[in-house]
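Notes to accompany the following structure.
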Amino acid sequence: MESHGTLETLLNSDVLSGTPDAAAEAVAGAITQMAEAALSLSVLVATPPLHGRLGAHAGSANSDGDGQKKLDLIAEDLFAAALRRAGVAAYLSEEVEEASLFDAKGVIAVAIDPLDGSSNIDVNAPIGTIFSIFPMIPEGLAEPAHAFRQPGRNQLAAGFFIYGPQTSLVVTFGKGIHLLVLNDKTGTFVLVESGVTIPAEQAEYAINASNYRHWPESVQSYIDDCVKGADGPRGRNFNMRWVGSLVADSYRIFMRGGIFLYPGDKRPGYEQGRLRLMYEANPIAFLAEQSGGAATDGVDNILDRVPHSPHQRVPLVMGSTDKVERVRQYYLDLSPPTRDAPLFGRRGLLRD
Ligand code: AFP
């Protein structure tokens, strides 16, 4: 892969052309500050645990009532401070109940999951930070939560940092997606590739299969047909991967294709799946669309949803466009589109 510069040069290029000047400057400032916070977090994650296990419980709970880990709280402090420094107007985080007004003169609103995949901390698997940047709207001044009542399609930028074998940043400003990797010797994010596209052909799916019995029939049928592999209606073998942190599962899909599903299911509290619209599904959906893929709630485009509450959940199906469309057909109980077998109209006889 060819190197084209750094995060700084990317932010100073024309990636934000078309965004009003003040907002473009604010987006660049917020991403620069978040990159600083991500650098600190990646150093912390990679440093031996001098003060006990970072995955240890902190004894508190987040907005959803999930137990918080020590690193969740450290990440929250780092990113909240970074975005306050950047002068963002409204701030919403998975780790806090209410949205806040940081700077009434600010022109952008940022929703963030400061530490995605907390259950991976103690097993040394990838974790990340996901962010979504909207233009500030006047309704948010009196009530900061209202700053986020915009469809995902309004996002000015979105992305995630992933702390894995490499610390990387995957980001979009609405004109394709960019992959940057942290050079930990210089502390700078180096641009590795612009215009990353999700490969279409990968026969790989990601879903937490332990929930099979709770899924709707449509999702069970889709996965059944994948599991049957070459002996089933799809006529090809599939591979399955589930890291359990959205950043890692998404990163893999952006790099080598496939599909990710976290559907709504029958468990109490999971009717709308597990993932949060504002700081998980929206940014991942924006990246997916910008890399030639798609993201739906099974049927409808994630980016068209207008949120009604800051921490609301949404089912997420994301990945290569043809696969996301195929899942949609299962949800609608229609015959999925076929490329190779136009004569076989029913789902059970199709190949892709
Ligand atoms: P946390 O942000 O609370 O660590 O949750 C991670 C996550 O929201 C997402 O990253 C994973 O895809 C999903 O949860 C995994 O959920 P299951 O444990 O139900 O498979």
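Each ligand, and each atom within it, is numbered from 1 in the order the structure gives. Just so you know, these numbers come straight off a predicted model, no measurement behind them.
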### Task
Could you list the atoms of ligand 1 found under 4.0 angstrom from a heavy atom of Gly244?
10 (O), 11 (C), 15 (C)
#### Entry: Proximity of Asp113 to ligand 1 by residue part, where a heavy atom lies under 4.0 Å
side chain
### Message
Counting only heavy atoms closer than 4.0 Å, does ligand 1 sit against the backbone of Leu275, its side chain, both, or neither?
### Response
side chain
#### Entry: Gly117 N/O under 3.5 Å from ligand 1 N/O
yes
### Message
For the residue pair Arg274 and Tyr270, would you count it as a cation-pi contact if the rule is NZ or CZ under 6.0 angstrom from the ring centre and within 45 degrees of the ring axis?
### Response
no
#### Entry: Validation row: Leu115, Leu41 side chains within 4.5 angstrom (heavy atoms)
yes
#### Entry: Residue pair Arg252 / Val243, side-chain heavy-atom distance below 4.5 Å
yes
### Query
By number and element, which atoms of ligand 1 are closer than 4.0 Å to a non-hydrogen atom of Asn208?
17 (P), 19 (O), 20 (O)
### Query
Can you list the atoms of ligand 1 that are under 4.0 Å from a heavy atom of Tyr262?
16 (O), 17 (P), 19 (O), 20 (O)
### Query
So which heavy atom on Ser245 is nearest to which on Gly117, and how close?
CB-CA, 3.5 Å
### Message
So for ligand 1, is Ser118 a polar contact partner (N or O within less than 3.5 Å, distance only)?
### Response
yes
### Query
Is there any N or O on Glu280 that sits under 3.5 Å from an N or O of ligand 1?
yes
### Task
Quick one: do Trp242 and Phe260 satisfy ring-ring contact (aromatic ring centres under 6.0 Å, His included)? Show the steps, please.
CA-CA 9 Å; Trp242 183 252; Phe260 170 98; 5.3 Å; yes
### Message
When you compare the side chains of Asp103 and Tyr91, does any donor N or O come within less than 3.5 Å of an acceptor on the partner?
### Response
no
### Task
Could you label the plane-to-plane angle of the Phe238 and Tyr205 rings as parallel, tilted or perpendicular, counting under 30° as parallel and over 60° as perpendicular?
tilted
### Contacting atoms of ligand 1, where contact means under 4.0 angstrom from a heavy atom of Arg276
8 (O)
### Task
Pull out every atom of ligand 1 sitting under 4.0 Å from any heavy atom of Ser245, numbered as shown with elements.
10 (O)
### Query
Do NZ/NE/NH1/NH2 and the carboxylate oxygens of Arg149 and Glu139 come within less than 4.0 Å?
no
### Query
If you measure every N/O of Asn211 against every N/O of ligand 1, is any gap under 3.5 Å?
no
### Polar proximity ligand 1 side, Leu246 side, N/O cut 3.5 Å exclusive
yes
